Amino acid sequence: MKRSVLTRYRVMAYVTAVMLLLLCTCMVAKYGFDTGEDVTFMVSQAHGVLYIIYLVFAFDLGSKAKWPFGKLLWILLSGTIPFAAFFVERTVVRDVEPLLAGAAAPRPAEA
């Protein structure tokens with residue numbers, strides 16, 4: 001597995017998590033203070049598109065890391081729970097780093 005697969009996932013995990021927090025803030029402004037309806041719509045649309053990209057990258061990483069379905073599902077859903085993606089991203093990096101180190105290790109020469 002290439003390191004770029006993990007990097008793509010990490011970038012989208014952070015972007016998706018930040019956009020979700022921004023969306024939550026916009027929703028509070030919209031429904032709590034009756035303001036910012038247009039901004040809420042734009043942020044929700046942006047988060048939706050970015051979440052789809054996050055799903056693709058997370059699924060790609062999960063398939064290459066050969067995760068079980070339950071773990072992959074939790075990682076895919078973490079982009080919909082505020083703050084969850086930050087914690088899940090750290091766990092994913094901790095799990096995938098040994099796979100990257102193993103892939104980077106030189107292979108012994110064949111006789």
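Just so it is clear, the values below take in all heavy atoms, side chains as well, and ignore hydrogens, waters and symmetry mates. Computed from a predicted model, the values in this text were never measured in an experiment.
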Under 3.5 Å, which donor-acceptor pairs link side chains of residues 84-99 to any protein atom two or more places apart or in another chain?
from: Glu89; atom 1: OE1; to: Tyr14; atom 2: OH; distance (Å): 3.0
from: Glu89; atom 1: OE2; to: Arg10; atom 2: NE; distance (Å): 2.5
from: Glu89; atom 1: OE2; to: Arg10; atom 2: NH2; distance (Å): 3.3
from: Thr91; atom 1: OG1; to: Phe87; atom 2: O; distance (Å): 3.2
from: Asp95; atom 1: OD2; to: Lys71; atom 2: NZ; distance (Å): 2.5
from: Glu97; atom 1: OE1; to: Arg3; atom 2: NH2; distance (Å): 3.3
from: Glu97; atom 1: OE2; to: Arg3; atom 2: NH1; distance (Å): 3.3

Can we say Lys64 and Asp60 salt-bridge, meaning some charged N sits less than 4.0 Å from an Asp/Glu carboxylate O? yes
Are Leu72 and Val56 joined in one hydrophobic group, where the rule is that I, L, V, M, F, W and Y side chains link up if heavy atoms are under 4.5 Å apart? yes
Between Met27 and Tyr31, is there a side-chain heavy-atom distance shorter than 4.5 Å? yes
From CG (Leu22) to CE (Met42), nearest 0.5 Å: 10.0 Å
Nearest 0.5 Å please: distance from the CZ atom of Phe57 over to the OG1 atom of Thr7. 11.0 Å
Quick one: pull up CD in Gln45 and CE in Met19 and give me the separation to the nearest 0.5 Å. 10.5 Å
Within one Ile-Leu-Val-Met-Phe-Trp-Tyr cluster: Ile52 and Met12, side-chain cutoff 4.5 Å: no
Same apolar cluster (I L V M F W Y, side chains within < 4.5 Å links), Val49/Tyr51: yes
Same apolar cluster (I L V M F W Y, side chains within < 4.5 Å links), Ile53/Val18: no
Under a single-linkage definition using a 4.5 Å side-chain heavy-atom cutoff for Ile, Leu, Val, Met, Phe, Trp and Tyr, are Leu50 and Leu21 assigned to the same hydrophobic cluster? no
Which distance, rounded to the nearest 0.5 Å, do you find between the CG of Leu20 and the NE2 of His47? 4.5 Å
Quick one: list whatever passes side-chain contact (heavy atoms from CB on, under 4.5 Å) with Ala58, sequence neighbours left out. Tyr9, Tyr54, Ile75, Leu76
If we ignore hydrogens and angles and just use 3.5 Å, is the side chain of Thr16 paired with the main-chain N or O of Ala13 as donor and acceptor? no
Write down the atom of Cys26, the atom of Thr40, and the distance for their closest heavy-atom approach. O-OG1, 3.2 Å
I want to check something: taking the side chain as every heavy atom from C-beta on, are Ile81 and Trp74 in contact at a cut-off of under 4.5 Å? yes
